[in-house]
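Step one of this worksheet: look at the structure below.
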Amino acid sequence: MMKIVLNSTSKDSAMGTDIILRENNLTRLLFRPQIVNNQKDINAPVNGCFIFQKKKKDDEWEDFKDFNLTSLKAYEGIKLELKSDEMLKLMTEADAYYKIHKEYGIIQGRSWFTKANSQLQKVIEMFKKDSSLFETLLDENKQELVKQTFEWMANTKNSEDIISRLLEVKGNELDQLNNLIGITNIRKLLKVWQENSDNNDEEFWQRVFTDNAWVLSQIFASPMLLFEDKAYVGGKGIGNKGGKVVDFMFKNDLSNDVALIEIKTPSTDLLSGKYRQNIYSIHSDLTGAIVQVLGYKETLQREYTSLRGSSDEDFKVFNPMCVVIAGKMNDLEEQKLQSFEWYRKEMKSVTIITFDELFKKVNLLLDLLSGKQEQEEST
């Protein structure tokens with residue numbers, strides 16, 4: 001891609017990046033473009049000059065001394081010949097300056113532009129005409145499948161026929177296609193769960209939930225969106241140490257109030273030894289995670305003003321919901337399950353969810369979408 005740097009020289013002019021037309025080890029020819037606010041002809045905002053340069057001993061380029069054309073005698077002249085490839089480069093790159101001025105005018109200070117190739121420009125124009133296409137690519141639940149679909153079509157002999165058919169897709173067929181994309185991604189995620197239900201690597205699960213943040217949103221009754229993963233909630237001392245980072249911070253899409261999620265692993269112990277007959281103690285790994293997320297909440301509430309001032313997005317801290325995701329319920333025998341349920345149902349400030357409960361919700365969502373898809377296909 002061609003990169004352009006513009007430096008304003010006044011409120012009505014800016015100097016552009018040299019266009020190198022010809023170069024060898026000792027000399028080169030360039031065109032130095034300038035964009036201007038041309039009051040006489042708004043369609044002619046670009047001017048410039050040709051410059052010969054020579055290389056100095058320190059490998060720096062310097063301009064040849066100016067030659068005053070008015071000093072030419074009647075029988076003298078100067079001929080500057082451009083080869084066809086040089087002419088093409090000049091016309092192509094100079095055209096970018098016309099487009100920049102048309103869209104942005106003169107920008108004060110220094111500004112940078114990148115000229116995309118023609119094929120990429122066509123894609124950009126396509127996204128401009130239909131923003132929903134761009135939103136689909138940004139959707140973390142669909143982008144990988146869309147990418148694979150593009151790669152498949154590009155490497156398929158009948159790609160033109162495929163694209164032509166897709167352009168004829170009607171609204172109800174498009175809904176079915178969206179459902180299929182969602183179903184495919186859910187099935188892929190459930191496969192990850194089935195193959196890693198005993199994985200005790202917290203960073204692995206951090207990546208899984210970062211890539212599939214919609215799964216964590218299933219926890220909440222209200223509409224929640226991922227606000228930040230590995231979110232700093234404050235706590236640094238005077239030596240810039242002791243900062244606290246919660247695994248995930250979600251934000252209510254309507255009230256902007258945040259929720260904090262701390263994840264452990266499916267292998268995290270929920271209960272320890274028997275306390276008395278049929279009564280089991282809560283394991284320190286679980287209570288430690290609960291105290292940890294409550295500490296994050298306290299720090300966030302205390303330092304909200306400074307954190308909000310440094311954030312680009314608005315968020316509120318009314319009474320943040322706290323969630324801990326840890327362990328598996330299926331690992332608990334009946335008496336242990338009873339102790340666990342007694343404990344977590346008495347928790348007022350922290351919601352405790354096990355990994356198998358969370359992925360059970362994902363499985364139910366798959367059943368819902370699959371049933372809807374089958375119903376639409378039969379109508």
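Values below: all heavy atoms of this structure, side chains included; hydrogens, waters and symmetry mates excluded. Treat the numbers as computed from the prediction; the structure is a model and nothing was measured.
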Check K328 against S197 and note the closest heavy-atom contact, atom names and distance.
NZ-O, 2.9 Å
Taking Y97 for the side chain and I35 for the main chain, is one N or O donor matched with an acceptor at less than 3.5 Å?
no
State, yes or no, whether a side-chain contact exists between V317 and F315 at a heavy-atom distance under 4.5 Å.
yes
Residue pair A96 / I4: nearest heavy atoms and the distance that separates them
CB-CD1, 3.7 Å
Looking only at heavy atoms, which two atoms of W193 and P266 are closest? And how far apart?
CZ3-CG, 3.8 Å
Between CG of L88 and CD of E93, what distance do you get to the nearest 0.5 Å?
9.5 Å
Using the rule that Ile, Leu, Val, Met, Phe, Trp and Tyr join whenever any side-chain heavy atoms are under 4.5 Å apart, tell me whether V36 and V46 fall into a single cluster.
no
Are I352 and M347 close enough that some pair of their side-chain heavy atoms sits under 4.5 Å apart?
yes
Check: I19 and T17 side chains under 4.5 Å, non-hydrogen atoms
no
Which word best sums up how the rings of F250 and F248 line up, parallel for under 30°, tilted for 30 to 60°, or perpendicular for over 60°?
tilted
In the structure I gave you, are the side-chain heavy atoms of V215 and L189 within less than 4.5 Å of one another anywhere?
yes
Closest approach of M249 to L300 (non-hydrogen atoms, all atoms of both residues)
CE-CD2, 4.2 Å
Check whether any side-chain N or O of N196 sits under 3.5 Å from a backbone N or O of N199 as a donor-acceptor pair, and report yes or no.
no
Over all heavy atoms of both residues, which pair between P320 and Q301 is shortest? Give the atoms and the distance, please.
CD-NE2, 3.7 Å
Roughly how far apart are K361 NZ and L366 CG, rounded to 0.5 Å?
15.5 Å
Check the side chains of D12 and S10 for a donor-acceptor pair under 3.5 angstrom, ignoring hydrogens and angles.
no
Please check if any side-chain donor atom of T354 sits under 3.5 Å from a side-chain acceptor atom of E357, or the reverse.
yes
Are the side chains of D201 and T265 in contact, using a 4.5 Å heavy-atom criterion?
no
Give the intermediate values and the outcome of salt bridge (charged side-chain N to carboxylate O under 4.0 Å, His left out) for residues D59 and K57.
CA-CA 5 Å; D59 283 343; K57 291 182 180 180; over 6 Å; no
Tell me if the centroids of the rings in Y280 and F340 come within less than 6.0 Å of each other.
no
If you define the side chain from C-beta out and look only at heavy atoms, does anything of H101 sit under 4.5 Å from I106?
yes
How far does CD of E333 sit from OG of S339, to the nearest 0.5 angstrom?
10.0 Å
So, R207 and D211, do they make that salt bridge, N to O below 4.0 Å?
no
Please determine if E202 and K264 form a salt bridge, counting it only when a charged side-chain N lies under 4.0 Å from a carboxylate O.
yes
So, taking the atom named OG in S8 and the one named CD in Q108, what distance separates them when rounded to the nearest 0.5 Å?
4.5 Å
We want to know whether N256 and D314 form a side-chain donor-acceptor pair, criterion being a heavy-atom distance below 3.5 angstrom.
yes
Salt bridge (charged side-chain N to carboxylate O under 4.0 Å, His left out) involving K89 - partner list, sequence neighbours excluded
none
Check whether any side-chain heavy atom of V324 lies under 4.5 Å from a side-chain heavy atom of I263, and answer yes or no.
no
Please check if any side-chain donor atom of D269 sits under 3.5 Å from a side-chain acceptor atom of S272, or the reverse.
no
Do D247 and K230 sit within salt-bridge range, that is, some charged N less than 4.0 Å from a carboxylate O?
yes
Are N319 and K297 linked by a side-chain donor-acceptor pair shorter than 3.5 Å?
yes
For I107, does its backbone N or O pair with a side-chain atom of S111 as donor and acceptor, under 3.5 Å?
no
Heavy-atom pair with the smallest gap, counting every atom of N24 and W61
O-CH2, 3.7 Å
Please examine the side chains of V291 and L294, heavy atoms only from C-beta on, and report whether any two atoms are closer than 4.5 Å.
no
